[in-house]
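Working notes, beginning with the structure itself.
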Amino acid sequence: MSRKEIIAVILFILATVITIAGVVGVEAYRRRELYTVELTARAPEHGNWYPQEITVPLGEEVRILIRNIDTVSHGFALPDFEVAVPEIKAGQVAVVQFVANKSGTFPFLCTVWCAGRHMEMRGELIVE
Amino acid sequence: MSEDKLFGLIDLNFRFELTKFKLVRALCKSRWLPLLLILFNLFIFVIILLAGLFGGYSAGNYNFGIMMVWILWWVLLILMLVPGFARMWCLMCPFPIFSDWAQRGKLFEVRQGKLGGLNLKWPKRLSSMWVLNLAFLATTFFSGFFTVRPFATFILLGIIILVAFLTGLVFQKRTFCLYLCPVSGFQGLYSQFATAEVRRKDPEICKKHTPKTCFVGNEKGYGCPWLRTPFDFAKNTYCGLCLECFKTCPHDNMALNLRPPGVDLLVDTKREPRGLDEAYKAFIMLGIAIVFYLAFQGPWGVIKDMVRATTLEGYLGYITFHTVFNLLIIPGIFFLFAYLSKLFSGNKEVPLKKIFTNFSYTLVPLGLGVWIGFSLGIILPNGSYLLHILSDPFAWGWNLFGTAHFPWTPVLTHLLGYLQGATLIVFYLFSIAYGFRSSRQTYPDLPQARRGWIPMLGLLTLITTAFLWLFMG
Ligand SMILES: [Cu+2]
């Protein structure tokens, strides 16, 4: 193999394997740094918050990725920690971050009138 | 054709050779081109595939895969690459790299002798645009999902890559690109309109040159992977711009030219005849543009719901109508006008099929204009999303370039209708210009050509008026 051929093969590996490993690796590292929870938002008619119960460790800084997979907007509020996203559009992923500095069970809820059963779009955050 | 001027301005034989600049020729002859572009796009598409996979089933306005493929890539293709540089995308497309590598055993160097894989010839009966036509039409059945569900885009791209690889193992060279790739056909069709071309320079040099290294290959490069004959081919339709012929020609007799748009529409040679398959491509592209516009940019939510399969009945209705409309109704209307053309001309000898096929090429500029208009309707309102997704491609809260929170900003949308209308009129003029020339080629004398042209002019005007009404309301 000539030197140029080797360079071409290296570039190929960089573009494929290394890219995939890099993306996955960086995110895994970020998540180790920060306690990360994924939360899916859907109107109660279509499945409600998933999971509806989130458990996080006391004292840690927590990040929640709220993914709205509906075709309507939702909102997010966690009043006890003064966390709120007024509007999460369809398909958007909102990110909230806070320190879970008190233990107990705290409600979170949707703040956009998204569907007939909007009032039922609630869940609980458990800090322990 | 001694001095035939488009709009009385540009000589149709005018060419400006870009490769007369030493740097451009050196680039075309380097084996790093197009390889580096292909590798770069491979990187981009790996990220698109990852985003499609991680994005899953959520709505797509914020997904990197969907935005890159259906907003950026598609719009770039229609707005710039194809009308400007023909199959420029095929030059840098990453999908065939796996089968190329498998066939050649090398990425950069040139393999001597027979290529790997089974190297079978694609059946002659399928060597046309028919498979592409049906594959593309079938792909549009799912258009309502591609733009909303990242995973659907992942599946589509995955299938293309896999089929490209498998085809390359069984069949020779770029058989996949020529006869199977769903995005190949429309690029080929509209590349006839492109303002650039690769052609040989001096026919005498080619005549004397044996063996024809551009076709069989030599130590500098491969024989045309797209199975063209670079020493005499005359239209862009199937030229993948891979630049191998620049490398294999020992006389530097290949040229990359700028040219007046649309000149290939008049080409009808023995080796590259006009055909019903390309005629149908023109119909299908126009039909899809109409259906897409009605579904995605028109004010009728009902149609959008049908395309997005809100109910099964609605979706089946869409598929049925879409297929019948594209394969029967549009060609049927066109056939009627071809028949009228024959009646008007008073000619008895020219077969109706020839009239029908010849005139179908006049739909190429108009169809391209409609697609450009449609694409403006995608990019101007939604383009600003691109800034967001570039910074946070996987929706994990990244902010690579600091633009993750860039708000949705429509651009020039209050002028959108006028921009679409103006574009359409320009391309309508091209359709007329080439339409009359096609009529001249179809009928033996000028009076017949004039009379036979009237119904076609009427049809083109009708289509344009209908779209102007849709665009400008
Ligand atoms: Cu809600």
Side-chain angles (χ1 to χ4, degrees), chain A residues 1-31 33-43 46-47 50 62-74 85 87-97, chain B residues 30-32 35-36 38-51 53-64 66-67 94 97-98 100-101 104-111 147-151 305 308 310 385 388-389 392-400 404-405 407-408:
Chain A
M1 267 206 297
S2 73
R3 218 182 43 145
K4 286 175 178 173
E5 181 70 20
I6 293 170
I7 293 174
V9 173
I10 291 173
L11 289 175
F12 179 92
I13 295 171
L14 274 176
T16 51
V17 183
I18 305 290
T19 302
I20 296 171
V23 165
V24 176
V26 166
E27 182 61 14
Y29 177 77
R30 271 170 52 100
R31 291 195 183 195
E33 293 285 284
L34 210 62
Y35 193 90
T36 302
V37 184
E38 287 208 40
L39 180 63
T40 301
R42 273 178 304 186
H46 302 119
Y50 181 82
V62 174
R63 184 174 58 152
I64 307 181
L65 301 180
I66 311 159
R67 183 184 297 265
N68 177 2
I69 64 169
D70 258 341
T71 46
V72 294
S73 290
H74 292 290
V85 185
E87 191 190 8
I88 309 168
K89 292 198 183 107
Q92 195 182 353
V93 181
V95 185
V96 296
Q97 212 163 307
Chain B
S30 164
R31 287 216 66 83
W32 285 117
L35 183 60
L36 284 180
I38 292 173
L39 289 170
F40 175 73
N41 279 312
L42 183 63
F43 164 71
I44 299 289
F45 269 83
V46 163
I47 295 181
I48 288 174
L49 283 168
L50 283 176
L53 186 62
F54 295 139
Y57 199 68
S58 61
N61 287 350
Y62 290 89
N63 185 271
F64 183 83
I66 287 191
M67 296 298 295
I97 192 175
F98 306 99
D100 273 2
W101 200 358
R104 298 169 176 179
K106 295 173 194 285
L107 272 179
F108 179 90
E109 286 171 356
V110 182
R111 174 194 180 125
T147 47
V148 260
R149 306 294 179 205
F151 196 63
D305 284 345
R308 294 207 167 146
T310 315
Y385 278 132
H388 165 82
I389 52 117
D392 189 10
F394 308 106
W396 285 337
W398 291 15
N399 199 352
L400 293 174
H405 304 292
W408 178 57

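Looking only at heavy-atom pairs under 4.5 Å with chain B, the residue among A:L14, A:I7, A:V9, A:T36 that has the most is A:V9. Of the residues considered (B:K106, B:R31, B:E109), B:E109 shows the highest number of contacts with chain A, using heavy-atom pairs under 4.5 Å. By number of non-hydrogen pairs under 4.5 angstrom with chain A, the leading residue of B:L35, B:V46, B:I47, B:I97 is B:V46. Your options are A:T40, A:V23, A:I20, A:T16, and the one with the most heavy-atom pairs under 4.5 Å with chain B is A:V23.
The shortest side-chain heavy-atom distance between A:R30 and A:L34 does not fall under the 4.5 Å cut-off. Side-chain contact between A:I10 and A:I6: present, with at least one pair of heavy atoms (C-beta onward) separated by less than 4.5 Å. The shortest side-chain heavy-atom distance between A:N68 and A:K89 does not fall under the 4.5 Å cut-off. Considering only heavy atoms from C-beta on, A:Y50 stays 4.5 Å or farther from A:L39 through its side chain. The shortest distance between side-chain heavy atoms of B:L36 and A:L11 falls below 4.5 Å.
For a residue to count as touching a neighbouring chain, one of its non-hydrogen atoms must lie under 4.5 Å from one of that chain's; by this rule B:L107 touches chain A with backbone and side chain alike. Using a 4.5 Å cut-off between heavy atoms, A:R42 makes no contact with chain B at all. Only the side chain of A:L65 comes within contact range of chain B, with heavy atoms under 4.5 Å apart. Contacts of B:I44 with chain A are absent, with no heavy-atom separation under 4.5 Å from either backbone or side chain.
Classified by interplanar angle (parallel below 30°, tilted 30° to 60°, perpendicular above 60°), the ring pair B:W32/B:F108 is tilted.
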